[in-house]
Amino acid sequence: MSVLEVRDLTVDYRQRGGGGFRAVSHCSFAIARGETLALVGESGSGKSTVVRTVGRLLRPAGGEVLLDGKPAGRRGAALRAYRRRVQLIFQDPFASLNPMHTVRHHLARPILMLHPGHSRARLDADVHELLRSVNLTPAGEIARSRPHELSGGQRQRVAIARALASGPEVLLADEPVSMLDTSIRLEILNLLDRLKRERNLALLYVTHDLATARHFSSRIMVMYRGEIVEQGPADEVILRPAHPYTQLLAAAAPDPGASRESLAQARRLRQEARRDAAAERREVLLDAGCRFRLRCPHAMEACAGSPPEAQLGGGHSARCWLYAQLTVTGGSSAPGG
Ligand code: SF4
C-alpha cells in the first residue's frame with residue numbers, strides 16, 4: 001500500500017505586476033514504503049515545485065496530498081506531524097545548513113522535538129548514531145564541526161542525517177547530488193539507497209539524470225513543463241521510451257560504453273534541447289494542447305488538443321496523441337523509440 005499519495009496536484013505562481021503561470025498541472029503519483037520513485041525532467045520542468053509543494057513549503061492551487069490515506073496537515077500540530085514524517089533533502093547542502101551552528105546543533109534539534117526529555121548524554125549518543133548511519137566518522141569530531149569545515153559530500157551526509165533525525169517514513173530528495181563532485185555522487189546515492197532499504201522508507205528521487213534514475217529507482221515519471229508526460233517501470237521508460245520528450249532525453253543521455261562519435265552526438269542533442277527550451281520559454285505560454293508540440297518532431301493537428309493518457313501495458317503510460325488508440329483498450333507498442 002502507498003504511504004504517500006499525490007492526487008491532481010496543481011501549483012500556480014503569481015508574477016510581480018500581475019499575471020502568473022501554472023508551474024505544475026494535475027500531477028498524480030503514489031509511493032510505497034521501501035520504494036524509490038524517480039521524477040525526471042530538465043531544469044524548469046516543475047520537479048522542484050512538486051517536491052516543495054508535497055513538502056508543504058508551497059501552497060497548491062488544487063489537488064491533495066495523502067499520507068497513509070489521510071489528508072496531509074496544513075497548519076499547526078497536524079502540519080508539524082506531517083513534516084516529521086515527510087522530510088526533504090535539498091540539492092545545496094551548504095545553503096540548507098546554518099553556518100553558525102555545529103553539526104550537533106543541526107541534528108539535536110529535531111531529536112529534541114521528538115524526545116524533549118533526552119539527557120545530554122542520550123542526545124549525544126543519538127547524534128553520534130545518526131552520523132555513523134551516514135558514514136560520518138569519527139562521529140564526535142564531526143558533531144563539533146561547523147558546515148564550512150566539511151566537504152560538500154560530508155555536508156550532504158549531514159543534511160541526510162538531519163532528515164533522518166525525526167524518524168521519517170518518506171524522503172523527498174531534490175537533486176541531492178547535482179551540486180557534488182562526480183566522484184562522490186554515486187556514494188551519496190548508494191547511501192540513500194541503503195538507508196531506504198534499512199528503514200523501509202519511501203523515496204522520491206528528483207533528478208535530470210536518466211542513468212541514475214534507472215539504476216536507483218523501480219519506477220520513473222518524466223515531467224515536462226509541469227506535466228507528467230510518461231511514467232512506468234524504470235527499465236521500460238528508459239529502454240522503450242514512448243513519449244517524444246522522453247525519447248529526446250534518452251537520446252541525449254550519455255552512455256558509459258558509447259563511442260566518441262555518439263558522445264559528440266549526445267552533446268549536440270543536449271545543446272539543441274537547451275536552445276529549443278530557451279526559445280520555447282520566449283514563446284507565448286501554451287495554455288491548451290500538448291506543451292511539447294513546439295519541439296516535437298511528430299506534432300500534428302490533434303496535438304493542439306490536450307493529449308490523452310495512453311496505457312501502454314505493464315503500468316507504462318504516456319500522455320501523447322501518438323498512442324490515442326491505446327487510451328481505452330491498452331496495448332504495448334511504442335513507435336519511434
Ligand atoms: Fe508530440 Fe503530439 Fe505527442 Fe505532444 S501529443 S508529444 S506534440 S505527438
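First listed ligand is number 1; within each ligand, the first listed atom is number 1. Residues: numbered from 1 along the sequence shown.
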K.L.:
Under the rule for salt bridge (Lys or Arg N to Asp or Glu O under 4.0 Å), what residues qualify as partners of R33, not counting sequence neighbours?
P.N.:
D68, E169
K.L.:
With sequence neighbours excluded, what pairs up with E149 under the side chain to side chain donor-acceptor pair (under 3.5 Å) test?
P.N.:
none
K.L.:
At distances under 2.8 Å, what protein N, O or S atoms surround atom 1 (Fe) of ligand 1?
P.N.:
C296 SG
K.L.:
Are the side chain of E230 and the backbone of H243 linked by a donor-acceptor contact shorter than 3.5 Å?
P.N.:
yes
K.L.:
Would a distance-only check, ignoring hydrogens and angles, find a side-chain to backbone donor-acceptor pair under 3.5 Å from E227 to M223?
P.N.:
no
K.L.:
Show your working on side-chain contact (heavy atoms from CB on, under 4.5 Å) between E175 and K47 and close with a plain yes or no.
P.N.:
CA-CA 9 Å; E175 301 257 17; K47 311 184 297 292; 3.5 Å; yes
K.L.:
Show me the donor-acceptor pairs, under 3.5 Å and distance only, between side chains in residues 133-140 and residues at least two apart or in other chains.
P.N.:
from	atom 1	to	atom 2	distance (Å)
S133	OG	L130	O	2.6
N135	OD1	R194	NH2	3.4

